[in-house]
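Take a look at the structure below.
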Amino acid sequence: MQGVVKAIQAHGNRLKHAVLQHLRFTDGFYWPNIVSRFETAISSPRIPHKGLENITVYELLKAKGEEEKEVVYWCRTSDTVYDAVQNMTQHNIGALVVIKPEDEKLLAGIVTERDYLRKIIVQGKSSTSTRVGEIMTDENKLISVTSDTNILKAMQLMIDHHIRHVPVIDKKVVGMISIVDVIRTILEQQHAEVKHLNEYIRGNY
């Protein structure tokens, strides 16, 4: 049975390594540091252990406390990039849903911290005179998921398209998830799996 535990741990390490291979140098962030930080803070998983193949985006939103309130941070295409960045900073988030000023029910796209870095800072533009609509990812190019999307599929979408944020759309935008949310959930589930097997070996079941 101890061999089974080691096998699970090895599988988890291979999974983590595969994720890091894709994300190690994405957007200039050193992802192993982020993963290490989460590994020290997963003793109480936000989502009960049930296996990654059974976890949906809805459950991730629920763990974040967003599934009922439909917490969506947004800005308008006509807002300045400076105001959008202030909004992200205030709420400690990395992306905003962008809506059309003439109809706040219509999705225009999303704007992320990466858009700000690449299209404002690197190009030496002014954030106070540039509008969000000029740097956002347009709705026609948007990658999104639904509440019932499996978390592993959501992770694969983000890896394949080299993105770190995806809006959750169920006819309307109901939330936003990030690659950090997904990685944390993966590590939590791996930790819970090993813990349960260890308890089984010790006769706690």
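Position 1 is the first residue of the sequence; numbering continues from there.
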Minimum side-chain heavy-atom gap Ile163-Arg114 below 4.5 Å: yes
Side chain proximity check, Gln86 to Thr89, heavy atoms < 4.5 angstrom: no
Shortest non-hydrogen contact from Ala108 toward Thr77: CB-CG2, 3.6 Å
Verdict with supporting geometry, Ile177 and Met158, side-chain contact (heavy atoms from CB on, under 4.5 Å): CA-CA 10 Å; Ile177 62 171; Met158 286 188 266; 4.3 Å; yes
Side chain to side chain, Ser147 and Val174, heavy atoms closer than 4.5 Å: yes
Minimal non-hydrogen separation, Trp74 against Asn87, with atom names: O-ND2, 3.1 Å
Side chain Asp79, main chain Arg76, donor-acceptor under 3.5 Å: yes
Side-chain heavy-atom pair Val173, Leu107 within 4.5 angstrom cut-off: yes
Close side-chain approach of Ile55 to Leu60, heavy-atom, < 4.5 Å: no
Salt bridge (charged side-chain N to carboxylate O under 4.0 Å, His left out) contacts touching residues 125-137 (sequence neighbours left out): none
Close side-chain approach of Thr128 to Thr80, heavy-atom, < 4.5 Å: no
Whether Asp115 side chain and Met136 backbone form a donor-acceptor pair below 3.5 Å: no
Qualifying residue for side chain to side chain contact (heavy atoms under 4.5 Å, CB included) with Val182, from Leu52, Ile151, Ile159: Ile151
Candidate pair Tyr58 and Asp148, rule side-chain contact (heavy atoms from CB on, under 4.5 Å), full reasoning: CA-CA 6 Å; Tyr58 170 81; Asp148 60 1; over 6 Å; no
Passing candidate, side chain to side chain contact (heavy atoms under 4.5 Å, CB included) with Met155, options Asp181, Ile179, Thr185: Ile179
Test item: Thr149 side-chain N/O and Thr146 main-chain N/O as donor-acceptor pair under 3.5 Å: yes
